[in-house]
Engineer: 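Here it is, the structure in full.
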Amino acid sequence: MLFLASCQDTDSDPQAILINTDSEMLSERISLDGSGVISLINPDAAGGRILETSSELPIVLISQVDAPEFQGVKLRATHVDIDGDYAYVGYNMEGPSYLGAVEIFDISDAYNPKIVSQALFTDAEVSSLEYSDGTLQLAMAVDIDGDFGVSSPANLGRVSVSGGKFTSGFSFTSMDGFVATDVTMVGNSTAVSTGNPGILGLVDIAGNVSQQVELEDLRSVAFGNDKLAVLSGIEGAIIYNPSNLSELAKISLGNSTPESKRTIAIADNNLYVSEGAAGAGIYNLNDGQLLSKLPIPINPEGTDPGDVVTNAVSVDKSLLFMANGAAGISVADVKNPSAAKSMGILDLDGSSNFVRNEENFVFVATGAGGLQILKYSIPVGNPTEALCKDLPTYSGNSNLNVNSNEKMAFTGAVSLKNVNVGGELLFCGSMAIENSLNVNSNGVMQVVGSFAFGQYKKNTSLNVNSNSYLKLTGSTVIWGDLKLNSGATLEFVGEGNTIHVYGDVTINSGAKIIGNYTDSSGKLK
């Protein structure tokens, strides 16, 4: 059955699905609070101090997003999928009542995301979702006494989307179980996991369940490297042949907390599993053999142990993000899965129930129900500029000082706390500085690539002083204040340069800005 209703008729009774495409109104929930460069916390240091050494992961918090509300009831984010210029976010509500939503975010302007469409379900909720080839697949729980005419609470929902808009009605395929917990594409079919009694089912394009196997307490499903894997809260992780659902391997795990969020992910022929209080496990996808265990890095004082659990895992570009509840988000380098290396903990507020890392974006669903949107940079390989070739990477202190008689040059990706330049500093790649940058008198600093500085409304300041140069090539985002003192020069080198300043800009008499650039904030005048 197909349903599509407008939210404009506010005097009538609530419809089954309320569609809202008022991007300006929807985007009012997006805030810059807390945005800017963020640090990684060292889990081994007393009191969880910020890393004293520099980080290889420049990362910024772009914005925070409050969860949508309906008639005074606040939803919570459950899942995110990212594809190109759009991110798709699912929501549900705690408790026995049915209320959910799916929203489409336009992330084409990486530092200015917008919510462009919303579908709110008054008789259903969304556990998980995946976009593929113009269709959004939704793992849902639907009220069988509501308006959808479904035969079971567990349902696969489908809707066509294009350009951030819903372009068809929603269709539903009922399956055995009380809730559909996860969904993923397997060729031309859709694999769906459902909760108790629980099945893993393959649904064809026409909406027919072509194959299924019964399993207890299914939480998550993932497809990759021609393998289909599921996570059961009772039976562990099971790897299947997707063509006939024959079992290939089984991984025994401890029982999961009832109704808790758990996800799995597949990358580079490995299976990544969120294992609750045990952290995360990495297993060979062919035979299920354990490669690594990653414990939760910290256990905050005064926290209920039941709240320190790995709820979700996400891996992309050899970076594993773990959502660890009250212990926040931890990051690990998994280039070598057998020797995974912890990189630290993101300095974010609130507990973490879900994380999605894809296309250099990180979406975090928090205990308060909303989202935190982050973006990170990875090293630029083989820079073409002659001045950038054969440079070493930086691996020193998070506070970098270049004295007046020194020349330093580095490449790669780096995140720093404070930088003072009295001599000459060249950096090629991706650089982020959290607190302060001073280019002192007669100093020269040049960044080729991407550059991020400061925090929004946190009194962070970038100072270019008398007779000094700050040279920029590429993309620059400044969340703090920019101060060009008398005799200072801000130079944009080459073509296609962009800059956006969220803080205040001070250009004193005798300071100058030269070169070609686009100022999207309109503050460099």
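By convention here, the first residue in the shown sequence is residue 1.
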Engineer: Sort and list the pairs that fulfil ring pair (Phe, Tyr, Trp, His ring centres under 6.0 Å) and have at least one residue in residues 337-363, not counting sequence neighbours.
Structural biologist: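 Non-adjacent pairs meeting ring pair (Phe, Tyr, Trp, His ring centres under 6.0 Å): H79-F354.
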Engineer: Is a side-chain donor or acceptor of S521 paired with a backbone partner of V501 at a separation under 3.5 angstrom?
Structural biologist: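 Yes, because the side chain of S521 sits within donor-acceptor range (under 3.5 Å) of the backbone of V501.
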Engineer: Determine whether T78 and S127 make a side-chain contact, defined as any pair of heavy atoms from C-beta on separated by less than 4.5 Å.
Structural biologist: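 They are not in contact (no side-chain heavy atoms under 4.5 Å apart), so the answer is no.
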Engineer: Hydrogens and angles aside, do N418 and S436 bring a side-chain donor and acceptor to less than 3.5 Å of each other?
Structural biologist: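 N418 vs S436: donor-acceptor pair found between side chains.
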Engineer: Taking C-beta and beyond as the side chain, do F451 and L462 meet within less than 4.5 Å on heavy atoms?
Structural biologist: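 They are in side-chain contact.
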Engineer: If you draw a 6.0 Å radius around NZ in K523, do more than 12 non-hydrogen atoms from other residues or ligands fall strictly inside?
Structural biologist: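 Counting other residues, nucleotides and ligands, NZ of K523 exceeds 12 neighbours.
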Engineer: Could you tell me whether D85 atom CG has more than 12 heavy atoms of other residues or ligands within 6.0 Å of it?
Structural biologist: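 Enclosed.
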Engineer: Among residues at least two apart in sequence or on other chains, which ones pass side-chain hydrogen bond (donor to acceptor under 3.5 Å, both in side chains) with K293?
Structural biologist: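 Once residues adjacent in sequence are excluded, the partners of K293 under the side-chain hydrogen bond (donor to acceptor under 3.5 Å, both in side chains) criterion are E275, Y283.
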Engineer: To check you understand the geometry: which heavy-atom pair defines the closest contact between Y272 and A267, and what is its length?
Structural biologist: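 Residues Y272 and A267, closest heavy atoms: CE1-O, 3.8 Å.
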Engineer: Taking N284 for the side chain and Q289 for the main chain, is one N or O donor matched with an acceptor at less than 3.5 Å?
Structural biologist: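 Between the backbone of Q289 and the side chain of N284 there is no qualifying donor-acceptor contact (under 3.5 Å).
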Engineer: On a heavy-atom basis, which atom in V65 and which in I30 lie closest, and how many Å separate them?
Structural biologist: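 Where V65 meets I30 most closely, the heavy atoms are CG2-CG1, 4.0 Å.
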Engineer: Taking T181 for the side chain and L218 for the main chain, is one N or O donor matched with an acceptor at less than 3.5 Å?
Structural biologist: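 Confirmed, T181 side chain pairs with L218 backbone.
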Engineer: With a 4.5 Å limit on heavy-atom distance, are the side chains of N324 and P297 in contact?
Structural biologist: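 N324 vs P297: side chains touch.
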Engineer: Under a 3.5 Å distance rule, please check whether N225 uses its side chain to pair with a backbone N or O of L285 as donor and acceptor.
Structural biologist: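 Not a single qualifying donor-acceptor pair exists.
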Engineer: Any chance you could measure T135, atom OG1, to M185, atom CE, to the nearest 0.5 Å?
Structural biologist: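 T135 atom OG1 to M185 atom CE measures 7.5 Å (nearest 0.5 Å).
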Engineer: To the closest 0.5 Å, what do you measure between CD1 (I296) and OG (S330)?
Structural biologist: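 Spacing of CD1 (I296) from OG (S330) equals 7.5 Å.
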Engineer: Mind checking whether P113 and I62 have side chains closer than 4.5 Å, heavy atoms only?
Structural biologist: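 Side-chain contact under 4.5 Å: yes.
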Engineer: For I38 and S415, work out which heavy atoms get closest and say how close.
Structural biologist: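 That closest heavy-atom pairing would be O-OG, 4.2 Å.
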Engineer: According to the ring pair (Phe, Tyr, Trp, His ring centres under 6.0 Å) rule, which pairs have a member within residues 409-438, sequence neighbours left out?
Structural biologist: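 Listed by first then second residue: Y394-F410.
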Engineer: Taking everything shown except N459 itself, do over 12 heavy atoms lie less than 6.0 Å from its CG?
Structural biologist: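 Open.
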Engineer: Please evaluate residues V37 and V60 with respect to the criterion side chain to side chain contact (heavy atoms under 4.5 Å, CB included), reporting the C-alpha separation (whole Å), side-chain torsions for both, the decisive distance (0.1 Å), and the verdict.
Structural biologist: CA-CA 4 Å; V37 179; V60 296; 3.9 Å; yes
Engineer: Kindly compute the distance separating CG (L294) from CG (L320), expressed to the nearest 0.5 Å.
Structural biologist: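 So the CG of L294 and the CG of L320 are separated by 6.0 Å.
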Engineer: Return the CD1 to CE distance between I345 and M322, rounded to the nearest 0.5 Å.
Structural biologist: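 Here the interatomic distance stands at 10.0 Å.
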Engineer: Does the S23 side chain pair with the main chain of I115, one donor and one acceptor, at a distance under 3.5 Å?
Structural biologist: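 Side chain of S23 to backbone of I115, a donor-acceptor pair under 3.5 Å: yes, one is there.
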Engineer: Check for a donor-acceptor pair, side chain of N397 on one end and backbone N or O of N399 on the other, with a separation under 3.5 Å.
Structural biologist: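 Checked: pair present.
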Engineer: I'd like to know if the side chain of S55 reaches the main chain of L57, judged simply by a donor and an acceptor atom lying under 3.5 Å from each other, with no hydrogens or angles considered.
Structural biologist: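 Side chain of S55 to backbone of L57, a donor-acceptor pair under 3.5 Å: yes, one is there.
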Engineer: Can you find a side-chain donor-acceptor pair between D83 and Y88 that sits under 3.5 Å?
Structural biologist: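 Result is no, nothing qualifies.
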Engineer: State the CG-CG distance between L271 and N269, to the nearest 0.5 angstrom.
Structural biologist: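 Here the rounded value is 10.0 Å.
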Engineer: What I'd like to find out is whether the side chain of N357 reaches to under 4.5 Å of the side chain of Y376, using heavy atoms alone.
Structural biologist: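 Counting from C-beta outward, N357 and Y376 do come under 4.5 Å.
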Engineer: Between N438 (side chain only) and N440 (backbone N and O only), is there a donor and an acceptor less than 3.5 Å apart?
Structural biologist: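 Looks like no, no N/O pair under 3.5 Å.
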Engineer: Report, as yes or no, whether the 6.0 Å neighbourhood of atom CD on E94 holds more than 12 heavy atoms from other residues, nucleotides or ligands.
Structural biologist: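 12 or below, so no.
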Engineer: Locate the shortest heavy-atom distance separating T310 from V313; write the atom from each residue and the value.
Structural biologist: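 Scanning both residues, the minimum pair turns out to be CG2-CG1, 4.1 Å.
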Engineer: Please give me the minimum heavy-atom distance between L228 and A191, naming the atom from each residue.
Structural biologist: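 That would be CD1-CB, 4.0 Å.
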Engineer: Would you mind telling me which of L426, L425, V421 makes a side chain to side chain contact (heavy atoms under 4.5 Å, CB included) with Q446?
Structural biologist: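 Checked L426, L425, V421 against Q446; only one passes side chain to side chain contact (heavy atoms under 4.5 Å, CB included): L426.
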Engineer: Is the CG atom of N336 crowded by more than 12 outside heavy atoms at less than 6.0 Å?
Structural biologist: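 Yes, because the 6.0 Å sphere around CG of N336 holds more than 12 heavy atoms from other groups.
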Engineer: Do F453 and L482 pass the side chain to side chain contact (heavy atoms under 4.5 Å, CB included) test, and can you show the C-alpha distance, the side-chain angles, and the key distance before you say yes or no?
Structural biologist: CA-CA 10 Å; F453 171 81; L482 172 62; over 6 Å; no
Engineer: Identify the two heavy atoms, one from N465 and one from S441, that lie closest to each other, and give their separation to 0.1 Å.
Structural biologist: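 Of all heavy-atom pairs spanning N465 and S441, the closest is CB-N, 4.1 Å.
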Engineer: Pairing donors with acceptors under 3.5 angstrom, does anything connect the side chains of S430 and S450?
Structural biologist: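 Result is yes, a qualifying pair exists.
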Engineer: Tell me whether the count of non-hydrogen atoms from other residues, nucleotides or ligands lying under 6.0 Å of OH in Y469 goes above 12.
Structural biologist: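 Check fails, neighbour count at 12 or below.
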Engineer: Distance only, no hydrogens: is a donor on one side chain within 3.5 Å (strictly under) of an acceptor on the other, for D182 and S193?
Structural biologist: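 D182 vs S193: no donor-acceptor pair found between side chains.
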Engineer: Is the backbone of E359 close enough, under 3.5 Å, to the side chain of D316 for a donor and an acceptor to pair up by distance?
Structural biologist: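 Yes, D316 side chain to E359 backbone: donor-acceptor pair under 3.5 Å.
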Engineer: Keeping T184 on the side-chain end and A222 on the backbone end, is there a donor-acceptor pair under 3.5 Å?
Structural biologist: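 No; judged by distance alone, with no hydrogens or angles, the pair does not exist.
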Engineer: Any side-chain heavy atom of V273 sitting closer than 4.5 Å to one from R262?
Structural biologist: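 Counting from C-beta outward, V273 and R262 never come under 4.5 Å.
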Engineer: Tell me if the centroids of the rings in W479 and Y502 come within less than 6.0 Å of each other.
Structural biologist: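 For W479 and Y502, the ring centres are under 6.0 Å apart.
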Engineer: Answer yes or no: are there more than 12 heavy-atom neighbours, outside K341 itself, under 6.0 Å from its atom NZ?
Structural biologist: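 No - once you tally the heavy atoms of other residues, nucleotides and ligands closer than 6.0 Å, there are 12 at most.
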Engineer: More than 12 heavy atoms of other residues, nucleotides or ligands under 6.0 Å from CG of D133: yes or no?
Structural biologist: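 Incorrect, the count does not exceed 12.
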Engineer: Do the side chains of R219 and I264 get nearer than 4.5 Å, heavy atoms only?
Structural biologist: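 Side chain of I264 against side chain of R219, heavy atoms only: no contact under 4.5 Å found.
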Engineer: Test side chain to side chain contact (heavy atoms under 4.5 Å, CB included) on N497 and L472 and set out the steps.
Structural biologist: CA-CA 8 Å; N497 303 304; L472 302 172; over 6 Å; no
Engineer: Check whether the side chains of S31 and Q64 place a donor and an acceptor atom closer than 3.5 Å, and report yes or no.
Structural biologist: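 S31 vs Q64: no donor-acceptor pair found between side chains.
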Engineer: Output the distance between atom CG (L346) and atom CG (L374), rounded to the nearest 0.5 Å.
Structural biologist: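 Output value for this atom pair is 6.5 Å.
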Engineer: Please test H500 against N112 for side chain to side chain contact (heavy atoms under 4.5 Å, CB included), starting from the C-alpha separation and ending with a verdict.
Structural biologist: CA-CA 11 Å; H500 191 101; N112 186 31; over 6 Å; no
Engineer: Tell me, do V355 and V362 make a side-chain contact under 4.5 Å, heavy atoms counted?
Structural biologist: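 The answer is yes; the side chains approach within 4.5 Å.
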